Amino acid sequence: MISEAVIKRLPRYYRHIKQLADSGVTRVSSNKIASVLNITASQVRQDLCNFGGFGQQGYGYDVVKLKNELAVILGLDKEYDMIIVGAGNIGRALAGYRGFRDDGFFVKALFDIDPRCSSINGIKVYEMDFLEAYLNQNNVDIAIIATQKDSAKSVADSLINYGVKSIWNFAPVELEVPEGVTVENISMSESLYVLSFRSKNKQ
């Protein structure tokens with residue numbers, strides 16, 4: 001079984017290798033990857049060996065091949081349709097982020113209890129009352145929750161009841177979901193606390 005720590009490092013590998021590929025770099029060593037990601041070369045090799053290795057002794061890693069392999073491992077070899085529940089500041093920012101499309105993630109609709117406009121960045125905004133009908137009529141791979149804390153759990157419960165299996169939660173609360181549903185809780189405050197800690201301990 002792949003450890004959570006390895007899974008957390010996979011996006012960092014992919015992002016770095018993708019940047020190398022975009023820059024025209026053809027091969028890279030585990031030492032160079034390690035130096036950028038601030039881990040050891042043996043950790044890089046050990047992590048990648050969980051999925052087959054992909055490297056060649058004395059040569060390193062073929063950058064394009066490794067990028068493609070990591071994309072498959074991360075599930076980035078397909079496209080995902082997403083919706084956002086909550087059209088406040090965070091929801092609007094996520095709807096306007098063009099990087100999603102580059103990796104195959106497409107925001108198809110937004111939902112809000114009190115929509116202030118009919119569309120955001122060309123994406124239609126619906127009232128919450130239409131959520132069930134939309135999910136019955138459209139494929140949704142990932143639902144993003146960008147609501148206030150108090151309503152996040154009820155929104156998650158509704159999404160799950162309507163068949164959504166993957167939730168990306170930006171509300172400031174840890175959501176627990178039943179077996180068979182995946183949730184990724186994003187805490188911006190926690191990240192800020194870590195930055196504060198590191199800043200304090202460097203001084």
Side-chain angles (χ1 to χ4, degrees), residues 1-84 90 93-107 140-146 164-170 174-175 177 179-199 201-202:
M1 185 173 180
I2 309 302
S3 73
E4 189 68 21
V6 173
I7 294 170
K8 293 289 187 182
R9 283 193 290 270
L10 285 175
R12 300 180 64 204
Y13 288 129
Y14 179 74
R15 182 174 57 197
H16 176 55
I17 298 302
K18 185 174 184 293
Q19 289 172 346
L20 293 179
D22 291 343
S23 299
V25 177
T26 58
R27 66 175 177 169
V28 64
S29 68
S30 55
N31 284 320
K32 288 186 177 180
I33 297 174
S35 65
V36 172
L37 301 186
N38 197 30
I39 56 179
T40 65
S42 62
Q43 184 68 72
V44 172
R45 292 190 293 269
Q46 183 179 338
D47 286 351
L48 296 180
C49 276
N50 283 294
F51 306 96
F54 317 119
Q56 182 179 341
Q57 189 171 3
Y59 178 86
Y61 299 94
D62 181 297
V63 169
V64 173
K65 180 181 178 182
L66 182 56
K67 184 194 80 167
N68 293 338
E69 294 285 0
L70 287 170
V72 172
I73 292 167
L74 288 165
L76 300 177
D77 55 333
K78 60 169 287 187
E79 294 183 350
Y80 297 88
D81 290 335
M82 307 194 299
I83 62 169
I84 299 173
I90 293 176
L94 293 170
Y97 179 58
R98 296 183 178 180
F100 289 149
R101 301 180 69 88
D102 294 339
D103 287 323
F105 297 90
F106 297 89
V107 177
V140 173
D141 299 299
I142 299 171
I144 301 172
I145 297 179
V164 173
K165 299 297 184 183
S166 297
I167 296 174
W168 199 18
N169 174 41
F170 282 82
E174 290 281 323
L175 293 177
V177 296
E179 187 175 351
V181 178
T182 302
V183 62
E184 180 72 11
N185 292 299
I186 304 299
S187 174
M188 289 181 284
S189 293
E190 284 184 14
S191 182
L192 192 59
Y193 299 159
V194 171
L195 179 63
S196 174
F197 172 83
R198 290 176 175 169
S199 177
N201 285 275
K202 274 187 176 181

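Only a predicted model underlies this, so the values are computations on that prediction, with no experimental measurement involved. We're numbering straight along the sequence, starting at 1.
- Annotation: side chain of Asp103 is in contact with side chain of Lys18 (closest heavy-atom distance under 4.5 Å).
- A donor-acceptor pair is defined here as one N or O able to donate and one able to accept, closer than 3.5 Å; no such pair exists between the side chain of Ser199 and the backbone of Leu195.
- Panel note: side chain Asp141, backbone Asp81; a donor-acceptor pair is recorded below 3.5 Å.
- Aromatic ring centres of Tyr61 and Phe54 lie farther apart than the 6.0 Å criterion allows.
- When all heavy atoms are compared, the tightest approach of Ala146 to Phe170 is CA-CB, 4.5 Å.
- For the residue pair Ala143 and Val140, the shortest heavy atom distance occurs at N-CG1, 4.4 Å.
- Formation of a donor-acceptor pair under 3.5 Å by the Arg45 side chain with backbone atoms of Ser30 is not found in this model.
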Evaluate Phe51 against Ile2 for side-chain contact (heavy atoms from CB on, under 4.5 Å), listing each step before the verdict.
CA-CA 9 Å; Phe51 306 96; Ile2 309 302; 4.0 Å; yes
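- The distance from the CG atom of Leu37 to the CG atom of Asp47 is 9.5 Å, given to the nearest 0.5 Å.
- Distance check, rounded to the nearest 0.5 Å: NZ of Lys32 to NE2 of His16 gives 9.5 Å.
- Between Thr26 and Val64 there is no side-chain heavy-atom pair separated by less than 4.5 Å.
- Looking only at side-chain heavy atoms (C-beta outward), Ile144 and Ile90 stay at 4.5 Å or farther from each other.
- Without hydrogens or angle criteria, Ser191 side chain to Met188 main chain gives no donor-acceptor distance under 3.5 Å.
- With a 6.0 Å radius and a threshold of 12 heavy atoms from other residues, nucleotides or ligands, Asp22 has its CG atom above the threshold.
- With hydrogens and angles left out, the side-chain atoms of Gln46 and Asn50 include no donor and acceptor closer than 3.5 Å.
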Kindly determine whether Leu94 and Val107 satisfy side-chain contact (heavy atoms from CB on, under 4.5 Å), including the steps that lead there.
CA-CA 9 Å; Leu94 293 170; Val107 177; over 6 Å; no
Go through it in stages, so that I can follow the logic: the residues are Ile17 and Val63, the test is side-chain contact (heavy atoms from CB on, under 4.5 Å), and I'd like the CA-CA distance, side-chain angles, deciding distance and then a yes or no.
CA-CA 6 Å; Ile17 298 302; Val63 169; 4.0 Å; yes
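- For the pair Asp77/Asn68, no side-chain contact is recorded, criterion being any heavy-atom separation below 4.5 Å from C-beta on.
- With hydrogens and angles disregarded, a donor-acceptor distance shorter than 3.5 Å links the side chain of Tyr80 to the backbone of Gly75.
- Residues Ile145 and Leu175 meet the side-chain proximity criterion, which asks for heavy atoms closer than 4.5 Å.
- The shortest distance between side-chain heavy atoms of Phe106 and Met82 does not fall below 4.5 Å.
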Would Arg12 and Arg15 count as a side-chain contact (heavy atoms from CB on, under 4.5 Å) here? Give the steps.
CA-CA 5 Å; Arg12 300 180 64 204; Arg15 182 174 57 197; 4.2 Å; yes
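- Summarising the geometry, atom CD1 belonging to Ile167 is positioned 12.0 Å from atom CD belonging to Glu184; distances are rounded to the nearest 0.5 Å.
- Using a 4.5 Å heavy-atom threshold, the side chains of Ile39 and Arg9 count as touching.
- Ile7 and Pro11 make their closest contact through O-CD, 3.2 Å (heavy atoms, listed as atom of the first residue, atom of the second, distance).
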